[in-house]
Undergrad: 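The structure that follows is given in the form of structure tokens.
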Amino acid sequence: MSSAETDDAASKGPADASMDIPRGQSERGQLELKRESRGRSGWVRLILLALLVAVLLRVFVLEPYRIPTPSMAGTLLPGDHVLVSKVHYGPRLPITLRIPFSDWILEGVELPGWRLPGFRAVHRGDVVVFNQPRQPGPIDQRMPFVKRAVGLPGDTIRIVDKQVLVDGTLAVEPSALQYDWIVELEDERARTFEAPSLSSAPEALGRGRFRIAATVGQVEALRAAEAVAAVTLLRQPQGARGGVYPFGSGFTLDSYGPLVVPKAGATVLLNDETWAHLAPIIEDYEAHVVERQPDGSFSVDGEVQLTYTFEQDYFFVLGDNRDQSSDSRVWGFVPSNHLIGKAVFVHVSTGPEGIRWGRVGRWVR
């Protein structure tokens, strides 16, 4: 009997306990729980919305990039964090599917990578960001490069003793354009050379000689210094940096071309003179099989062709640190479907000394 009483008391206990809480307090507790639940779901929705906005901005409007190399010095220095506008040339839709803000991509899926309309085309002199054309894999997963657009579709590019000519006219170069120079000091025993205005430290070559990267203006100031005996322009040998495009052309980094930049809709002859640089473009960027036949003719997708019509525009790009840049002289043209956007603004800049406040907030010109 005591056992029955115990079971009966245990089953009634919670019910009896609830009767001790006034009705108003119970309802208030339920309301507070509902408010807390709604608050949590509101925060979740807000976070998801913020992530969605961030992804959309990154894909369609602006994306940050960090400059890792000195190929664009002194326009852009290693450690500059640059905002790249997608809306100038039109946002390129994703080619691979990936989890936002991660390196995970869905293997085996490649989308067409269509481009939405932009508000203008690439202008000569724009600082453009693009995926490196010669790397393997999906286009949007290739390493991003930043260079200056020097040749537009249809332009004829030629470099004579480092001077760039576009359609036979000297190109307008940026004021920050740098070349490599040899500085010879009066004191041949000097082991150091101070030049604070330079974007990188001088390289000692021995016997009071140093290699520097400098603008023409900086060189003029150096020549006026008492300790400097001479400053001479450094010529680049043929085949520097692993070869010059098109391979076998005989071009050098300082003496290049003439070479016509391919343009969508332009028709060119397929012959011995053009084959060296047309074959890689047609095969690698326009997805056609090209072959040279035993009789000397040329075929595209198995059919003998005398001419070829380009399907997209291309660009010829150079680094502003001209003698320390791997660019179109080395690996060729940039196809339009490789363009990411236009570099517009330096929002942060960091170096070994910390934040370079003098570079923060600069427009890229």
Side-chain angles (χ1 to χ4, degrees), residues 69 71-72 124 130 132-135 145 147-173 177-182 211 213 232-263 266-286 288 290-300 305-310 313-335 338:
T69 70
S71 70
M72 283 294 291
R124 191 176 294 111
F130 54 92
Q132 216 288 338
R134 286 297 174 188
Q135 288 185 340
F145 270 36
K147 305 290 177 187
R148 191 174 297 273
V150 173
L152 301 183
D155 287 346
T156 298
I157 298 297
R158 190 178 182 191
I159 301 175
V160 179
D161 195 22
K162 295 184 180 288
Q163 301 296 304
V164 178
L165 291 89
V166 180
D167 293 336
T169 303
L170 278 174
V172 177
E173 298 282 25
L177 179 66
Q178 294 188 162
Y179 297 110
D180 280 4
W181 308 77
I182 299 297
R211 176 173 175 164
T232 55
L233 192 60
L234 180 64
R235 264 68 184 184
Q236 297 290 323
Q238 180 175 347
R241 299 187 180 277
V244 175
Y245 174 88
F247 305 116
S249 63
F251 298 164
T252 73
L253 299 180
D254 294 342
S255 179
Y256 191 93
L259 199 62
V260 178
V261 183
K263 180 179 182 179
T267 300
V268 292
L269 291 172
L270 297 178
N271 54 38
D272 291 334
E273 185 179 350
T274 61
W275 186 250
H277 76 274
L278 291 183
I281 295 172
I282 298 170
E283 192 158 57
D284 296 341
Y285 306 142
E286 309 219 338
H288 296 291
V290 295
E291 289 181 308
R292 184 170 188 159
Q293 302 300 321
D295 62 359
S297 62
F298 304 95
S299 68
V300 180
Q305 302 287 348
L306 299 177
T307 62
Y308 180 80
T309 301
F310 293 111
D313 286 331
Y314 294 79
F315 303 90
F316 190 89
V317 298
L318 295 172
D320 285 357
N321 194 3
R322 192 62 49 85
D323 293 327
Q324 298 184 30
S325 173
S326 175
D327 48 41
S328 286
R329 297 170 296 174
V330 177
W331 37 255
F333 304 110
V334 176
H338 285 56

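Along the sequence shown, the residues carry numbers beginning at 1.
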Undergrad: Out of curiosity, L170 CG to R158 CZ, how far, rounded to the nearest 0.5 Å?
TA: 11.5 Å

Undergrad: So which heavy atom on R134 is nearest to which on D284, and how close?
TA: NH1-OD2, 2.6 Å

Undergrad: Between OG of S71 and CD of Q178, what distance do you get to the nearest 0.5 Å?
TA: 11.0 Å

Undergrad: Would you check if the side chain of T307 reaches a backbone N or O of T267 as a donor-acceptor pair within less than 3.5 Å?
TA: no

Undergrad: Which heavy-atom pair separates F333 from S328 by the least distance, and what is that distance?
TA: CA-OG, 4.2 Å

Undergrad: Rounded to the nearest 0.5 Å, how far apart are CG of L233 and CG of D161?
TA: 7.0 Å

Undergrad: Quick check: do F145 and V317 have side-chain heavy atoms less than 4.5 Å from each other?
TA: no

Undergrad: Are I159 and F251 side-chain neighbours, meaning at least one heavy-atom pair lies under 4.5 Å?
TA: no

Undergrad: Do Y256 and F316 have their ring centres less than 6.0 Å from each other?
TA: yes

Undergrad: Assess the residue pair H277 and S249 against the criterion (side-chain contact (heavy atoms from CB on, under 4.5 Å)); give the C-alpha distance rounded to whole Å, side-chain angles, the decisive distance to 0.1 Å, and a yes or no.
TA: CA-CA 9 Å; H277 76 274; S249 63; over 6 Å; no

Undergrad: Return the set of residues passing side-chain contact (heavy atoms from CB on, under 4.5 Å) with L234 (not counting sequence neighbours), or none when no residue passes.
TA: D180, I182, R211, Q236

Undergrad: Answer yes or no: is there a donor N or O on one side and an acceptor on the other, between the side chain of Y308 and the main chain of A279, under 3.5 Å?
TA: no

Undergrad: Is the number of heavy atoms from other residues, nucleotides or ligands under 6.0 Å of K263 NZ greater than 12?
TA: no

Undergrad: How about Y314 and P153: do any of their side-chain heavy atoms sit closer than 4.5 Å?
TA: no

Undergrad: Does the distance from a Lys or Arg side-chain N to an Asp or Glu carboxylate O, for D254 and R322, drop under 4.0 Å?
TA: no

Undergrad: Would you sort out whether F298 and L278 count as a side-chain contact (heavy atoms from CB on, under 4.5 Å), showing the intermediate values?
TA: CA-CA 11 Å; F298 304 95; L278 291 183; over 6 Å; no

Undergrad: Mind checking whether L259 and P246 have side chains closer than 4.5 Å, heavy atoms only?
TA: yes

Undergrad: Do F130 and K147 have side-chain heavy atoms sitting under 4.5 Å apart?
TA: yes

Undergrad: For the atom pair OG1 (T156) and CG (D167), what is the distance rounded to the nearest 0.5 Å?
TA: 5.0 Å

Undergrad: Can you list everything that forms a side-chain contact (heavy atoms from CB on, under 4.5 Å) with L306? Sequence neighbours excluded, please.
TA: none

Undergrad: Can you list the steps and then say if R148 with D327 is a salt bridge (charged side-chain N to carboxylate O under 4.0 Å, His left out)?
TA: CA-CA 10 Å; R148 191 174 297 273; D327 48 41; over 6 Å; no

Undergrad: Of all the heavy-atom pairs spanning A213 and Q324, show the shortest one and how long it is.
TA: CB-NE2, 3.7 Å

Undergrad: Just wondering, do L270 and V300 contact through their side chains at under 4.5 Å, heavy atoms?
TA: yes

Undergrad: Measuring from atom CZ of R329 to atom CG of L253, what distance do you get when rounded to the nearest 0.5 angstrom?
TA: 5.0 Å

Undergrad: Does a sphere of radius 6.0 Å around CD in Q293 hold more than 12 heavy atoms from other residues, nucleotides or ligands, not counting ones at 6.0 Å or beyond?
TA: yes

Undergrad: Main chain of R235, side chain of K162: is a donor-acceptor contact present, judged purely on distance under 3.5 Å?
TA: no

Undergrad: Apply side-chain contact (heavy atoms from CB on, under 4.5 Å) to W181 and T232, showing your working.
TA: CA-CA 6 Å; W181 308 77; T232 55; 6.0 Å; no

Undergrad: Is the backbone of Y179 close enough, under 3.5 Å, to the side chain of D323 for a donor and an acceptor to pair up by distance?
TA: no

Undergrad: State the OG-CG distance between S326 and L318, to the nearest 0.5 angstrom.
TA: 11.0 Å

Undergrad: Does V166 form a side-chain contact (heavy atoms from CB on, under 4.5 Å) with I157? I'd like the steps, not just the answer.
TA: CA-CA 5 Å; V166 180; I157 298 297; 3.9 Å; yes

